[in-house]
Visitor: 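One structure is given below, represented as structure tokens, and several questions about it will come after.
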Amino acid sequence: MNGIALGVLGMALLSGCSVPGPGGAPDGIHDPYEFSNRRAHMFNRDVDRTIVRPVARSYGKVANNDLKTVVDNVATNFATPGIMVNNLLQGDLGGFGKNLYRVVINSTLGIGGLFDPASELSDVALVDADFGMTLARWGAPEGAYLELPLLGPSTERDAIGRFVDLFTNPLRYTLDPPERNVSTAVRVIDRIGDRQRFGDTIDSVLYDSADGYAQTRLIYLQNRRFQIGGSDQDPYSDPYEDPYAQ
């Protein structure tokens, strides 16, 4: 069963769930699995404290900004064909065309994606898309909030989207194992770089908030709904204000 068929099956499952989306709960947050979610949050925080944060700090010390930029460029270039599939599934031909241009230019002039001439010379930015967004465009409900072990905050819809996105990138089927492994390694290193770059903000949410779980949930849902277009509230107005602080 291919990724798209899995996504259609996931949408069918979601459509049968009687779970409210934004605005359906009194505070716009539907979290019937809060007990298990909080356990997953504690697990994720322990993994971050003992493994991810120390590794990210070490990476920040040994990698200069140029190397971090190269890693981010390569990770983005590898991910773009999968993004383009979702552009098409969402009917966004303009976004597909811009991303196709980016792949061609960055893979050639950018030497396999090491550099980003599409942005620097042509000012063509990536038009991001994922299968969670595709499901939203198709009318699938958001579902309940979830915090996934190791993967972090999500919703039922986005959890299905993340799974399907594992299969929608054409490079998964065209790259030989060595190059495919490089792609995976680069994405992992890029995520570690993100943890280092946003370290202070992440630390304040996970370790300094009065309720780190509730704060993480609020920030994720607010930003994700804004990204998808399901909220008129600007998540950047004051996204890290802790409503649970005394």
Visitor: Can you tell me if CG on Asn64 sees more than 12 non-hydrogen neighbours from other groups inside 6.0 Å?
Guide: yes
Visitor: Any pair with a residue in residues 75-103 that passes salt bridge (charged side-chain N to carboxylate O under 4.0 Å, His left out), sequence neighbours left out, goes on the list, sorted by first then second residue, please.
Guide: Arg102-Asp116
Visitor: Please report the interatomic distance CD(Glu147) to CG(Asp31), rounded to the nearest 0.5 Å.
Guide: 9.5 Å
Visitor: Output, in order, the C-alpha distance, side-chain angles, deciding distance and verdict of side chain to side chain contact (heavy atoms under 4.5 Å, CB included) for Gln227 and Met133.
Guide: CA-CA 9 Å; Gln227 181 184 28; Met133 295 171 64; 4.2 Å; yes
Visitor: Evaluate the side-chain proximity of Met84 to Val103: yes if any heavy-atom separation is below 4.5 Å, no if none is.
Guide: yes
Visitor: Between Arg180 and Leu171, is there a side-chain heavy-atom distance shorter than 4.5 Å?
Guide: no
Visitor: Tell me the closest heavy-atom pair linking Gly132 and Asp158, and the distance in Å.
Guide: CA-OD1, 3.6 Å
Visitor: Decide whether Leu151 and Tyr33 are clustered together by the hydrophobic rule: side chain heavy atoms of Ile, Leu, Val, Met, Phe, Trp, Tyr closer than 4.5 Å, transitively.
Guide: yes
Visitor: Is Ile111 reachable from Leu109 through a run of hydrophobic residues whose side-chain heavy atoms are each under 4.5 Å from the next?
Guide: no
Visitor: Apply side chain to side chain contact (heavy atoms under 4.5 Å, CB included) to Phe131 and Phe163, showing your working.
Guide: CA-CA 9 Å; Phe131 202 75; Phe163 177 72; over 6 Å; no
Visitor: Atom CG in Asn223, atom CD1 in Ile228: separation rounded to 0.5 Å?
Guide: 11.5 Å
Visitor: Indicate the atoms forming the closest heavy-atom contact of Pro117 with Ile105, along with that distance.
Guide: CG-CG2, 3.7 Å
Visitor: Give a yes or no on whether a salt bridge exists between Arg38 and Asp211, defined as a side-chain N under 4.0 angstrom from a carboxylate O.
Guide: yes
Visitor: Enter the distance from Asn77:CG to Ser107:OG here, rounded to the nearest 0.5 Å.
Guide: 4.0 Å
Visitor: Which pair of heavy atoms, one from Tyr101 and one from Ala118, lies closest together, and at what distance?
Guide: CE2-CB, 4.2 Å
Visitor: Looking at Ala159, is its backbone amide N or carbonyl O close enough to the side chain of Ser154 to form a donor-acceptor pair, meaning the two atoms are under 3.5 Å apart?
Guide: yes
Visitor: What residues form a salt bridge (Lys or Arg N to Asp or Glu O under 4.0 Å) with Asp46, not counting sequence neighbours?
Guide: Arg49
Visitor: Say whether Leu67 and Phe78 are linked into one hydrophobic cluster, either directly or through other cluster members, by side-chain heavy-atom distances under 4.5 angstrom.
Guide: yes
Visitor: Any side-chain heavy-atom pair from Leu114 and Asn73 closer than 4.5 angstrom?
Guide: no
Visitor: Please say whether the positively charged group of Arg53, taken as NZ for Lys or CZ for Arg, lies over the ring of Tyr207, i.e. under 6.0 angstrom from the six-membered ring centre and within 45 degrees of the axis.
Guide: yes
Visitor: Tell me whether Asp165 is salt-bridged to Arg172, with the criterion being a basic N under 4.0 Å from an acidic carboxylate O.
Guide: no
Visitor: Taking the side chain as every heavy atom from C-beta outward, state whether Arg137 and Asn86 have any pair of such atoms under 4.5 Å apart.
Guide: no
Visitor: With a 3.5 Å distance limit and no angle check, can you tell me whether Asn169 reaches the backbone of Pro81 through a side-chain donor-acceptor pair?
Guide: no
Visitor: Compare all side-chain heavy atoms of Glu34 with those of Tyr213 and state whether any distance is below 4.5 angstrom.
Guide: yes
Visitor: Below 4.5 Å, heavy atoms only, C-beta onward: do Arg191 and Val52 meet side chain to side chain?
Guide: no
Visitor: Taking side chain as C-beta onward, heavy atoms only, is Val47 less than 4.5 Å from Leu150?
Guide: yes
Visitor: Could you tell me the separation between the OG1 atom of Thr76 and the CD1 atom of Ile83, rounded to the nearest 0.5 Å?
Guide: 7.0 Å
Visitor: Looking at Glu142 and Leu221, what are the two nearest heavy atoms and their distance?
Guide: OE1-CD2, 4.2 Å
Visitor: Which value, rounded to the nearest 0.5 Å, describes the distance between Leu146 atom CG and Thr155 atom OG1?
Guide: 7.0 Å
Visitor: Just by distance, do the side chain of Ser204 and the backbone of Thr201 share a donor-acceptor pair under 3.5 Å?
Guide: yes
Visitor: Counting only N and O atoms by type, is there a donor-acceptor contact under 3.5 Å from the side chain of Ser122 to the main-chain atoms of Ser119?
Guide: no
Visitor: Atom CG of Leu93 and atom CZ of Phe96: how far apart are they, to the nearest 0.5 Å?
Guide: 8.5 Å
Visitor: Could you walk me through whether Val74 and Phe115 pass side chain to side chain contact (heavy atoms under 4.5 Å, CB included), step by step?
Guide: CA-CA 8 Å; Val74 174; Phe115 306 99; over 6 Å; no
Visitor: Considering all heavy atoms of both residues, which atom of Ala129 and which atom of Asn87 are nearest to each other, and what is their separation?
Guide: CB-ND2, 3.5 Å
Visitor: Linking I/L/V/M/F/W/Y whenever their side-chain heavy atoms sit closer than 4.5 Å, directly or via other members, would Val164 and Leu88 fall into one cluster?
Guide: no
Visitor: For Asp130, is there an ion pair with Arg224 - N to carboxylate O distance below 4.0 angstrom?
Guide: yes
Visitor: Check whether Gln215 reaches the backbone of Val205 with its side chain - one donor and one acceptor, N or O, closer than 3.5 Å.
Guide: no
Visitor: Before you tell me yes or no, could you show the steps for Asp203 and Arg195 under side chain to side chain contact (heavy atoms under 4.5 Å, CB included), namely the whole-Å CA-CA distance, both residues' side-chain angles and the distance that decides it to 0.1 Å?
Guide: CA-CA 10 Å; Asp203 287 347; Arg195 177 61 178 90; 2.7 Å; yes
Visitor: Does Met42 share a hydrophobic cluster with Tyr145, counting links as ILVMFWY side-chain heavy atoms below 4.5 Å and allowing steps through other members?
Guide: no
Visitor: Are Pro170 and Val85 close enough that some pair of their side-chain heavy atoms sits under 4.5 Å apart?
Guide: yes
Visitor: On a heavy-atom basis, which atom in Val186 and which in Ala75 lie closest, and how many Å separate them?
Guide: CG1-N, 3.5 Å
Visitor: Salt-bridged, Asp48 to Arg45, with N to O below 4.0 Å?
Guide: no
